[in-house]
Each structure stands twice: as structure tokens, then as C-alpha cells.
Amino acid sequence: MYPYRANEPEIQSHKLRAVGGSATVSTDTDGGGSGMTITRTGSGAYLITWAENPGTFQGWSCNLGAATPGDLAGHTVIRDTYDATALTLAFVVYNASFAAHDLAALEYADISVDFRDY
């Protein structure tokens, strides 16, 4: 096997799962104990917060899922700019009609946020 190589050195991926149905929706899935939380800030709006500086923001990816996958057909997620001072990243979930959409109890977003750690 060949080792994984990235085009940017020292990339750290922070993995979270946002589960709908309550005001605090975060699940830290990377086990890194980096103090990440996700909170609902408004209709369809969420905020990821880090307790410590994770590094230089490089990008993110988000995949939506549900117990009934068709419930999220046509939905999309748009992120804001990473705030390096507040250590936050905001995002909004939109439905197929382009209206903000709260994640329901059996809906979730799997999120990976990448930072350069040097």
C-alpha cells in the first residue's frame, strides 16, 4: 500500500455529525476531543464552534442523510466564511424550494472541515 499524500502538508480533518431534532445537534465523530459543537442559530441555520484554534481553514464538505433518504431530495447546504477570530463556521440547510430547512429528528449532516496545522 502507498501512504496517503495530500497536495497540502499537515492537513487535519475534523469530522462531525449534525443530527436534527434539538437546539444542540452536534456529535464529534473524529474522537479527537477538539471541543467542537454545532448549535442551531435560526431556521435551517447552524454554527460550528471550536474550543481551541484548529489551524488554518482549508475547506469543508457536507453530506446529507436521513432514515428516509428521499426526505432530503433536492436539499443543499451552503457554508459561510470561517471566522478565525471566533473559531466558528456557519452553514444553512436549504430545501428543494430554496427555503431554510431545519434538520428533523431522523435527518443528519456528516461534515468534514479541513485545517492546515502549521
Side-chain angles (χ1 to χ4, degrees):
M1 261 305 158
Y2 295 102
Y4 171 75
R5 305 273 188 219
N7 63 344
E8 288 283 342
E10 305 297 326
I11 296 294
Q12 303 285 325
S13 292
H14 295 247
K15 307 229 183 270
L16 306 102
R17 174 172 282 177
V19 179
S22 68
T24 303
V25 296
S26 67
T27 303
D28 178 352
T29 62
D30 70 0
S34 55
M36 298 175 290
T37 59
I38 303 175
T39 53
R40 181 183 172 277
T41 59
S43 180
Y46 299 88
L47 184 70
I48 304 171
T49 304
W50 282 264
E52 330 178 316
N53 186 349
T56 304
F57 179 77
Q58 297 297 295
W60 95 316
S61 62
C62 181
N63 297 297
L64 296 174
T68 307
D71 291 349
L72 291 174
H75 286 57
T76 191
V77 181
I78 307 295
R79 72 165 174 87
D80 199 345
T81 303
Y82 174 71
D83 185 334
T85 302
L87 306 177
T88 59
L89 180 64
F91 66 94
V92 179
V93 179
Y94 294 98
N95 64 21
S97 300
F98 308 113
H101 170 82
D102 283 328
L103 293 171
L106 297 176
E107 297 175 347
Y108 53 88
D110 290 323
I111 302 165
S112 179
V113 188
D114 296 335
F115 293 91
R116 188 173 56 230
D117 190 26
Y118 69 86

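A search for side-chain contact (heavy atoms from CB on, under 4.5 Å) contacts involving D83 returns T85, A86, T88, not counting sequence neighbours. For A104, the side-chain contact (heavy atoms from CB on, under 4.5 Å) test picks out E107, with sequence neighbours left out. Judged as a side-chain contact (heavy atoms from CB on, under 4.5 Å), and not counting sequence neighbours, the contacts of Y108 are R17, V19, D110. A search for side-chain contact (heavy atoms from CB on, under 4.5 Å) contacts involving A105 returns nothing, not counting sequence neighbours.
Contact detail for D114 and S112: the closest heavy-atom pair is OD1-OG, 3.7 Å. Listed here is the closest heavy atom pair of A18 and L103: O-CD1, 3.9 Å. Closest approach of H14 to W50, counting heavy atoms only: ND1-NE1, 3.5 Å. Closest heavy-atom contact between A100 and G44: CB-CA, 4.2 Å. Counting all heavy atoms, side chain and backbone alike, F115 lies closest to Q58 at C-CG, 3.9 Å.
Under a 4.5 Å side-chain heavy-atom criterion applied to ILVMFWY residues, the cluster that includes L106 comprises that residue alone. When hydrophobic side chains of Ile, Leu, Val, Met, Phe, Trp and Tyr are connected at separations under 4.5 Å, L47 ends up as a singleton with no cluster partners.
R116 CZ to T56 OG1: the interatomic distance, rounded to the nearest 0.5 Å, is 5.0 Å.
Note: the hydrophobic cluster containing L87 also contains M36 (ILVMFWY, side chain heavy atoms under 4.5 Å, direct or indirect links). V92 and W60 sit in two unconnected hydrophobic clusters of ILVMFWY residues. Membership requires side-chain heavy atoms under 4.5 Å apart, directly or through other members.
Evaluation of the salt bridge (Lys or Arg N to Asp or Glu O under 4.0 Å) test over residues 97-106, restricted to residues two or more places apart or in two chains, returns R40-D102.
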- What do the steps show when you test I111 against F91 for side chain to side chain contact (heavy atoms under 4.5 Å, CB included), and what is the final call? CA-CA 11 Å; I111 302 165; F91 66 94; 3.7 Å; yes
- Message: Working note: L16 + I38, criterion side chain to side chain contact (heavy atoms under 4.5 Å, CB included); need CA distance, chi angles, decisive distance, verdict.
- Response: CA-CA 8 Å; L16 306 102; I38 303 175; 3.9 Å; yes
Side-chain donor-acceptor distances from residues 68-80 under 3.5 Å, at least two apart:
from	atom 1	to	atom 2	distance (Å)
H75	ND1	L72	O	3.1
H75	ND1	A73	O	3.3

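Residues T81 and F57 fail the side-chain proximity criterion, which asks for heavy atoms closer than 4.5 Å.
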